[in-house]
Amino acid sequence: MGINMKKLWMIYPLLLAVIFLSACGSLQNKPDLTTATPTVSSPMENTLSAESMVALIHPLVERNMECVEHIFYYGTLSANTQEQLAGMDAYAVQSEDFPSYTALLQFLQQTYVSPVVDDLMNMRTGDSQYPLYFEHENTLYINTAMRPQLDSELDWTDYTIAIQSTSALSCDFTVGLRNKQTDTELSISMNAVFEDGTWLLSSVYTGEEE
């Protein structure tokens with residue numbers, strides 16, 4: 001059977017119209033991938049090795065150790081006994097590392113998530129009017145009435161870090177160290193989360209909970 005070319009040319013525009021409308025309908029029903037929730041919101045993309053993760057976590061462990069041993073729990077920053085607030089057990093902090101309230105705050109913000117930072121900077125006991133550290137007339141002060149009375153039992157010498165599990169936004173790991181009093185090994189479970197482009201500890205780890 002021969003093909004009627006005249007009829008074919010008459011039908012051809014109609015076929016093009018149908019194809020065009022079908023294509024439009026398909027595009028309208030296609031999901032908008034630009035607004036889809038990404039499966040991974042971290043640039044790490046879950047591809048870091050355990051060694052690479054340890055390298056990222058190590059500075060956080062160091063800063064946590066500093067906070068526990070020398071700033072908040074078992075020790076505090078030095079007080080300048082020549083600069084006392086009148087009528088208070090509060091003295092200006094004497095520290096090259098933390099010359100101001102802002103410097104201490106930024107140190108904590110580079111170590112812990114925001115709720116933990118708030119808790120630390122508002123740490124107080126009983127009905128104390130002032131927290132352990134506070135700012136007065138642009139000077140960092142320490143409330144010596146709140147100084148801890150406990151001695152640290154932790155020996156951080158040659159501590160180890162072992163990654164337990166990791167994802168794009170969270171990392172569980174343990175820190176192995178020794179108890180100085182009992183001379184036994186101690187393992188502290190820790191967690192870091194990826195927030196605003198950086199890794200931060202989700203809590204203060206003192207070793208007391210282990």
Side-chain angles (χ1 to χ4, degrees), residues 42 44 48-79 93-125 131-135 140 142-143 146-210:
S42 161
M44 301 304 173
L48 287 179
S49 65
E51 291 78 8
S52 298
M53 202 66 219
V54 167
L56 287 171
I57 294 301
H58 180 256
L60 296 178
V61 176
E62 286 286 309
R63 291 198 288 269
N64 179 80
M65 177 181 64
E66 182 71 15
C67 285
V68 170
E69 299 289 336
H70 306 299
I71 303 178
F72 286 98
Y73 287 89
Y74 300 120
T76 62
L77 299 177
S78 298
V93 167
Q94 186 172 298
S95 170
E96 294 183 0
D97 294 327
F98 305 105
S100 66
Y101 182 91
T102 299
L104 177 58
L105 179 61
Q106 290 178 342
F107 176 82
L108 296 177
Q109 290 172 334
Q110 294 170 356
T111 309
Y112 303 105
V113 294
S114 294
V116 175
V117 175
D118 293 341
D119 288 343
L120 288 173
M121 296 307 285
N122 288 286
M123 181 184 291
R124 64 188 75 202
T125 57
L132 179 59
Y133 296 102
F134 63 94
E135 185 178 41
L140 175 62
I142 179 173
N143 182 356
M146 286 186 53
R147 272 185 163 170
Q149 303 298 318
L150 299 174
D151 293 327
S152 173
E153 298 182 354
L154 305 179
D155 181 2
W156 293 85
T157 306
D158 299 326
Y159 68 83
T160 60
I161 300 175
I163 303 300
Q164 303 301 314
S165 64
T166 184
S167 68
L169 302 176
S170 180
C171 177
D172 293 320
F173 60 100
T174 57
V175 173
L177 59 166
R178 297 191 68 81
N179 184 307
K180 292 185 293 187
Q181 301 298 322
T182 62
D183 194 29
T184 56
E185 294 184 354
L186 177 68
S187 179
I188 303 177
S189 297
M190 298 188 180
N191 172 261
V193 294
F194 190 83
E195 288 188 358
D196 299 325
T198 189
W199 288 93
L200 298 169
L201 295 178
S202 57
S203 182
V204 180
Y205 298 96
T206 64
E208 295 178 354
E209 66 274 14
E210 297 300 316

Side-chain touch Thr206/Phe72, heavy atoms, less than 4.5 angstrom: no

I would like to know whether Ser170 and Asn191 meet side-chain hydrogen bond (donor to acceptor under 3.5 Å, both in side chains); could you show each step before the answer? CA-CA 7 Å; Ser170 180; Asn191 172 261; 3.0 Å; yes

Quick one: do the Asp172 and Ser189 side chains pair a donor with an acceptor below 3.5 Å? no

Mind checking whether Val93 and Tyr133 have side chains closer than 4.5 Å, heavy atoms only? yes

Measure across Met53 and Cys171 and return the closest heavy-atom pair with its distance rounded to 0.1 Å. CG-SG, 3.7 Å

Can you see which heavy atom on Ala79 is nearest to which on Ile142, and at what distance? CB-CG2, 3.8 Å

In a table with atom names and distances, give each donor-acceptor pair under 3.5 Å that connects a side chain of residues 105-117 to protein atoms at least two apart or in another chain.
from, atom 1, to, atom 2, distance (Å)
Thr111, OG1, Arg63, NE, 2.9
Thr111, OG1, Phe107, O, 2.8
Tyr112, OH, Asn64, OD1, 2.8

Tell me, with the steps shown, if Tyr205 and Val175 meet side chain to side chain contact (heavy atoms under 4.5 Å, CB included). CA-CA 10 Å; Tyr205 298 96; Val175 173; over 6 Å; no

If you take all heavy atoms of Thr76 and Arg147, which pair is closest and at what distance? OG1-NE, 3.0 Å

Nearest heavy-atom pair of Asp118 and Asn122: which atoms, and what distance? O-ND2, 2.8 Å

Hey, are Ser49 and Ser52 close enough side-chain-wise for a donor-acceptor pair under 3.5 Å? yes

Interatomic spacing from OH in Tyr74 to CG in Leu150 - rounded to 0.5 Å: 6.5 Å

Shortest non-hydrogen contact between Ile163 and Ala50, atoms and distance: CG1-O, 3.9 Å

With the side chain counted from C-beta on, respond yes when Met123 and Leu120 share a heavy-atom pair under 4.5 Å apart, and no when they do not. yes

Would you check if the side chain of Asn179 reaches a backbone N or O of Leu154 as a donor-acceptor pair within less than 3.5 Å? no

Taking only residues two or more places apart in sequence or in another chain, which ones pass side chain to side chain contact (heavy atoms under 4.5 Å, CB included) with Thr160? none

Indicate the atoms forming the closest heavy-atom contact of Pro148 with Gly75, along with that distance. CG-N, 4.1 Å

Any chance you could lay out the side chain to side chain contact (heavy atoms under 4.5 Å, CB included) test for Leu77 and Ile71, step after step, and finish with the verdict? CA-CA 5 Å; Leu77 299 177; Ile71 303 178; 4.1 Å; yes

Run the side chain to side chain contact (heavy atoms under 4.5 Å, CB included) check on Tyr159 and Glu62 step by step: do they pass? CA-CA 10 Å; Tyr159 68 83; Glu62 286 286 309; 2.5 Å; yes

Quick one: pull up CD1 in Ile161 and CE in Met190 and give me the separation to the nearest 0.5 Å. 8.0 Å

Any side-chain heavy-atom pair of Val54 and Phe173 under 4.5 Å: no

Output, in order, the C-alpha distance, side-chain angles, deciding distance and verdict of side-chain hydrogen bond (donor to acceptor under 3.5 Å, both in side chains) for Asp97 and Ser95. CA-CA 5 Å; Asp97 294 327; Ser95 170; 5.0 Å; no

Would you compute the distance between atom CD of Glu185 and atom CZ of Arg178 and round it to the nearest 0.5 angstrom? 5.5 Å

